[in-house]
Amino acid sequence: MAVVRMPEKTIFERIISREIPAKIVFEDDHCLAFHDAHPQAPVHVLLIPRKPIPSLEDVVSDDAEVLGHLLSVVPQLTKMLSLTGGYRVVINCGQNGGQTVDHLHLHVLGGRPLSWPPG
Ligand code: AMP
């Protein structure tokens, strides 16, 4: 009998299913936001879709609604996080983009002036 291997769950899927803990700051039917374990700014939150889309490169037209939803959540999230002075939203994609977790995520960074360009 053929062995069917299930793809490994990413760490973010394990956070969604509560298999591993995270400091969750927001969630709804489509997404979840939690503090980054290695913050790069005083406020560093990750906003992820519940749907396990591996990266921006894997987005298809059916994902437009969920991606639009993620962006629409950002202002709610940044108000909750008191990022009144502005903030940055980043999506790393692929190896050269610095992506390390294969579950699409938005970094929301703020709480200090952020330099440009990034490294
Ligand atoms: P990226 O490098 O764009 O794929 O971002 C992945 C982010 O996930 C990094 O900023 C990590 O610090 C963060 N991260 C990895 N594991 C965890 C975790 N268990 N809880 C919170 N953040 C995490």
Side-chain angles (χ1 to χ4, degrees):
M1 200 170 79
V3 177
V4 179
R5 290 193 196 284
M6 297 299 285
E8 284 256 316
K9 272 189 185 177
T10 66
I11 201 151
F12 291 174
E13 282 177 88
R14 291 177 192 276
I15 287 174
I16 291 169
S17 63
R18 305 298 206 268
E19 287 168 65
I20 63 167
K23 291 183 191 162
I24 296 171
V25 291
F26 176 88
E27 67 179 315
D28 66 17
D29 288 349
H30 303 289
C31 65
L32 193 73
F34 52 92
H35 287 281
D36 195 292
H38 303 286
Q40 302 301 314
V43 177
H44 186 174
V45 164
L46 300 172
L47 177 59
I48 69 172
R50 289 186 187 276
K51 181 178 177 185
I53 303 166
S55 82
L56 197 55
E57 194 65 15
D58 299 296
V59 165
V60 293
S61 55
D62 278 357
D63 297 323
E65 198 172 333
V66 73
L67 290 189
H69 179 71
L70 286 177
L71 288 181
S72 76
V73 162
V74 170
Q76 291 180 53
L77 198 55
T78 55
K79 279 186 189 71
M80 283 172 51
L81 297 165
S82 303
L83 293 177
T84 49
Y87 54 87
R88 184 171 295 160
V89 177
V90 173
I91 299 177
N92 294 328
C93 182
Q95 201 174 2
N96 281 357
Q99 184 176 4
T100 57
V101 179
D102 292 335
H103 184 122
L104 179 68
H105 49 284
L106 278 60
H107 295 259
V108 179
L109 299 136
R112 66 168 168 80
L114 299 163
S115 60
W116 189 264

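This structure is a prediction, so every number in the text was calculated from the model and none was measured. One is the number of the first residue; the rest follow in order along the sequence. Order of listing sets the numbers, starting from 1, for every ligand and every atom in it.
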State whether a side-chain donor-acceptor pair under 3.5 Å links His69 with Asp28.
yes
Is it true that Ser55 and Glu57 share a donor-acceptor pair across their side chains at a distance under 3.5 Å?
no
Any N or O of His44 that comes nearer than 3.5 Å to an N or O of ligand 1?
no
Taking both backbone and side-chain atoms of His107, is any N or O found less than 3.5 Å from an N or O belonging to ligand 1?
yes
For ligand 1, which atoms have a heavy atom of His38 less than 4.0 angstrom away?
12 (O)
Apply ring pair (Phe, Tyr, Trp, His ring centres under 6.0 Å) to the pair Phe34 and Phe12, showing each step before the final yes or no.
CA-CA 10 Å; Phe34 52 92; Phe12 291 174; 5.4 Å; yes
Which one holds for Leu46 and ligand 1: side chain close, backbone close, both close, or neither close, with close meaning a heavy atom under 4.0 Å?
side chain
Heavy-atom distance under 4.5 Å between the side chains of Val90 and Leu106, does that happen here?
no
Could you check which of Ser55, Ala37, Cys93, Gly98 puts a non-hydrogen atom nearest to atom 21 (C) of ligand 1?
Ala37
List ligand 1 atoms under 4.0 Å from Val101, heavy atoms only on the residue side.
4 (O), 6 (C)
Between His44 and His107, do the side chains contain an N or O donor and an N or O acceptor separated by less than 3.5 Å?
yes
Is there a heavy atom in Gln40 that sits closer than 4.0 Å to ligand 1?
no
Quick one: does Glu13's side chain have a donor or acceptor within less than 3.5 Å of a partner on Thr10's backbone?
yes
Here the atoms of ligand 1 under 4.0 Å from any heavy atom belonging to Phe12 are 8 (O)
Which ligand 1 atoms are under 4.0 Å away from a heavy-atom of Thr100?
1 (P), 2 (O), 4 (O), 5 (O), 6 (C)
Pull out every atom of ligand 1 sitting under 4.0 Å from any heavy atom of His105, numbered as shown with elements.
1 (P), 3 (O), 4 (O), 5 (O), 6 (C)
Among the heavy atoms of Lys23, does any lie under 4.0 Å from an atom of ligand 1?
no
Using atom types as modelled and distance alone, determine if a side-chain donor or acceptor of Arg88 lies under 3.5 Å from a backbone N or O of Leu114.
yes
Considering the heavy atoms of His35, write down every atom of ligand 1 situated less than 4.0 Å from one of them.
21 (C)
Does Ala22 come within less than 4.0 Å of ligand 1, judged by its heavy atoms?
no
Report yes if some heavy atom in the side chain of His103 is under 4.5 Å from a heavy atom in the side chain of Pro49; otherwise report no.
yes
Is the side chain of Glu27 donor-acceptor paired with the backbone N or O of Leu32 at a distance under 3.5 Å, no angle test?
no
Among all protein heavy atoms, pick out the one at the shortest distance from atom 19 (N) of ligand 1; state its residue, atom name and that distance to 0.1 Å.
Ile11 CD1, 3.8 Å
Considering only heavy atoms from C-beta outward, does the side chain of Val45 approach that of Asp36 to under 4.5 Å?
no
Would you mind checking which non-hydrogen protein atom is closest to atom 10 (O) of ligand 1, with the distance to 0.1 Å?
Asp36 OD2, 2.5 Å
